[in-house]
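See below for the structure under consideration.
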Amino acid sequence: MSSEQQLPTRQRRPSATAPIVDIQGSVGPAGVTRPKHRRTFTGFGAQEIKGVEASIPEHMREAWLKHQASGFQNKEQFEKEVVRHVETTLARSMFNCDETAAYAATSLAFRDRLIIEWNRTQQRQTFADSKRVYYLSLEFLMGRALDNAMLNIGEKEVAQNGLSELGFRVEDIISQEHDAALGNGGLGRLAACFLDSLASLNYPAWGYGLRYRYGIFKQEIIDGYQVEVPDYWLDFNPWEFPRHDVTVDIQFYGNVSKTTDESGKVTAHWQGGELVRAVAYDVPIPGYATPSTNNLRLWSSQASGGEFDFQKFNNGDYESSVADQQRAETISAVLYPNDNLDRGKELRLKQQYFWVAASLYDIVRRFKKTKRAWREFPDQVAIQLNDTHPTLAIVELQRILIDLEGLDWDDAWNIVQQTFGYTNHTVLPEALEKWSVGLFQHLLPRHLQIIYDINLFFLQMVERNFPKDRDMLSRVSIIEESQPKMVRMAYLAIVGSHKVNGVAELHSDLIRTTIFKDFVTIFGPDKFVNVTNGITPRRWLHQANPKLSALIATKTGGPEHFLKDLTLLNKIELSVNDPAFRKEWAAIKLANKQRLADYIKTTTGVVVSPQALFDVQVKRIHEYKRQQMNIFGVIHRYLVLKSMTPEQRKKVLPRVSIFGGKAAPGYWMAKQIIHLINSVGSVVNNDPEIGDALKVIFLEDYNVSKAEIIIPASDISEHISTAGTEASGTSNMKFVLNGGLIIGTCDGANIEITREIGEENIFLFGNLAEDVDDLRHHHTYGQDHKIDPSLDKVFQAIQSGTFGNADDFNGMVAAVREHGDFYLVSDDFHSYLETQELVDKSYADQELWVTKCITSVARMGFFSSDRCINEYAEEIWNVEPLKPETNSGVPKTEL
Ligand code: 26Q
């Protein structure tokens, strides 16, 4: 009789052939046997389903099986769930169930549905023993979760009908939710789109990030100026699950000693310093039309001794024990609001290490439970670095392997390099992360030693292979020999990864030929690849623009098809000349514009006509993105209108210029730009001579949920960065996908959008990336820097006080006139104005315009983040999807 059979039933250990798995992805008990790793896993067979079931202790199995079938399948059951949550979970009465309570209860009802699939997905992944992807990003700009959950699960209609019977409109309930705004802009939203695609495509994948108490600040516009207000978003967040049992103590500061054993092997010991506790919070990530539900794990910081340091507390040192607690909590308190700017703040480096160390501990712990040999680590784990922010993960894994696990340097380093991939998102020098050696020495002394060793071995290799190029060593050294010495994080990321990618073709070419040129020479061209960004059509078409999605569905065989394979959009091109389709298309755009006009009226008080051309630029405010050029163009338009007779003005195509975006709080020039836009708006919008011919709107606090209203309403959107500066841009894709055209420079993904949709469907202008260096040189050293006469008139208007105190805008004018015009506004201004005129003319021909819009949407299939994720999976991660079972009683089958 085995020892197992002797146990009383209630204490019986689970079957030894099936692992116990939970959402934490942990397996138990140790030493279980499992199927061999397989490259392609096509789903559970009947036997394997039994395997998962068998992992549930016998005395729990019946209850477990009943639970699997729970959740709501129809309107009545949904309503019952909502009422139950209001009356029990929320401890309120239906008698006073307001929209807040209805939102909470609806979310809880959907959350219950998600949790079941979430658990199953983790069980499935662990049972299959498949390789997982870990996406490390300091930013996840998720936006709202409820609408997304409803649509991805496929039960929005049920909820809509149920809520309606309870007296609510589903839109009102959805809009109760506070955006999860744990990101600045493009990089953070890309991470969110990637999570959606990873789950929708059934890839075993986890995101790892920080659970900031404050996300990106809320922007208020007061007297035309940006004012920042903290974004405390965690009041009620039904989408996160605290895992108080999943904690890791993270070490900072301290010192390093070394010991040598009998065999002469030296081991480093990092001792002393300070401990901060990382606590896991998990967020379920549902896939679209699949039960697969992945996990986003966000770490929150706490004092490691629990609530207080009891010793200090008991000694009466109450204040200092509270101070310790606050210092620990500060680490995950706030998202840095800089986008594309590195400020070198100690707390930021602390955030990075805290998050990276906790995540790696978690990943390594999960791997160790499989009892595999260390060399198999890269077969089980792929880690993607979202920019250089998580680069310390490379050093941390090397430290774990050599200091804690006793591996040789070379074996460890091979594992590290095979595990990591690094995505670069910028070529702007001010955004490339560097940390001073002194700060590293203080905060992470052992990591600095390891970085020095990585650099030493790397430089030795370079010296061996390129003995003639003596300068090469200082050019590529991870340590910059400046005063003070700096650690170059991008170089560390390249050296520690097996693949480095840019995010659009031009950008990938630029990094290969400029900032990382030497590394291409050293490692060869195969290490440097391009993966052009993409966006999830579930959020950016189906959710943001339900009417257009429904119309497209009529030509593509239903939403579940084109939303899973966006190339099917090409079918709508067959209907481009179908009058009924075109009419419906135009009506939808008008309705979306009306929705935005209503929003503008409510939030700004300004009335705009939905018949006008809506011209939109919404994105972070930055000189390289050139919102200043846009507003100079608006001023030009205003001056032209003012010079016309009333009769002439009546014939002008009315335009609404819409801006939105946040400036980093310390970015003075960006704040000046916001101020100028608002000042121009208050003059133009109140000028009775102008009327509807021109309106200028600044929408406060641009975020994901506002983007969902703004983007579908655009006729033309502006993507007008100085050529070579915008790595990709992703809103360009969102606008075109929603039936808007774009005016843009030959930069980032604009170039590939042009390739896909055709030159005749995009308004390109301006100098090319290859000309930028010469133009800048000319500004600095040339004698004859003449600025365009139209721009000169714009400056004269600003400086004569037309838009308020001229001195307020001196800096912006001087940047162009006196300080070398680094972003080449004057060089591109003329061509920008000409192209805007072309936009007006084209819009006047509505028939042709609608043709351009339909054709463009039809050709946007390439820009799905699904395509993008499949490229990462194939070229960088070497992971395969793990399809869910189709016959295990899961309520919904995969489409
Ligand atoms: C760095 C150091 C210290 C503090 C903050 C930062 C920091 C934070 C955010 C640096 C950069 C960012 C964000 C960058 C970003 O959003 N880049 C955008 O990434 C998109 C996705 O690839 C591209 O489409 C955009 O072109 C790129 O600007």
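FYI, side chains are in, hydrogens and waters are out, and symmetry mates aren't considered; it's all heavy atoms of this structure. Just so you know, ligand 1 is whichever comes first in the structure, and atom 1 is the first atom listed for that ligand.
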So which protein heavy atom does [atom] come closest to, and at what separation?
{"atom": "atom 2 (C) of ligand 1", "answer": "Asp342 OD1, 3.5 Å"}
{"atom": "atom 8 (C) of ligand 1", "answer": "Asn338 O, 3.0 Å"}
{"atom": "atom 17 (N) of ligand 1", "answer": "Asn340 ND2, 3.9 Å"}
{"atom": "atom 22 (O) of ligand 1", "answer": "His425 ND1, 2.6 Å"}
{"atom": "atom 16 (O) of ligand 1", "answer": "Leu187 N, 3.0 Å"}
{"atom": "atom 24 (O) of ligand 1", "answer": "Gly729 N, 2.8 Å"}

Could you tell me which atoms of ligand 1, counted from 1 in the order shown, lie closer than 4.0 angstrom to a heavy atom of Glu139? 8 (C), 9 (C)
Which atoms from ligand 1 have a heavy atom of Ala727 less than 4.0 Å away? 26 (O)
Validation row, ring centre [X] to ring centre [Y] under 6.0 Å:
{"X": "Phe765", "Y": "Tyr832", "value": "yes"}
{"X": "Phe252", "Y": "Tyr353", "value": "yes"}
{"X": "Tyr624", "Y": "Phe822", "value": "no"}

For ligand 1, find out whether one of its N or O atoms is nearer than 3.5 Å to an N or O atom of [X].
{"X": "Glu726", "value": "yes"}
{"X": "Gly188", "value": "no"}
{"X": "Arg343", "value": "no"}
{"X": "Leu190", "value": "no"}
{"X": "Arg348", "value": "no"}

Is there any side-chain hydrogen bond (donor to acceptor under 3.5 Å, both in side chains) pair reaching into residues 427-437, and which pairs are they, with sequence neighbours excluded? Gln352-Glu433, Thr388-Glu433, Glu433-Trp435, Lys434-Glu480
Using heavy atoms and a threshold below 4.0 Å, how should the contact between [X] and ligand 1 be classified: side chain, backbone, both, or neither?
{"X": "His389", "value": "side chain"}
{"X": "Leu341", "value": "backbone"}
{"X": "Tyr624", "value": "side chain"}
{"X": "Lys345", "value": "neither"}

Quick check: do Val704 and Met142 have side-chain heavy atoms less than 4.5 Å from each other? no
Determine whether more than 12 heavy atoms belonging to other residues, nucleotides or ligands lie under 6.0 Å from atom CD of Glu346. yes
In this structure, are over 12 heavy atoms from other groups packed under 6.0 Å from Glu481 atom CD? yes
According to the interplanar angle, ranging from 0 to 90°, do the rings of Phe516 and Phe519 count as parallel (below 30°), tilted (30 to 60°) or perpendicular (above 60°)? perpendicular
In short, Gly766 meets Ser831 closest at the heavy-atom pair N-OG, 3.0 Å
Would you kindly check if the NZ (Lys) or CZ (Arg) of Lys527 is within the cone defined by 45 degrees around the ring axis of Phe523 and under 6.0 Å from the six-membered ring centre? yes
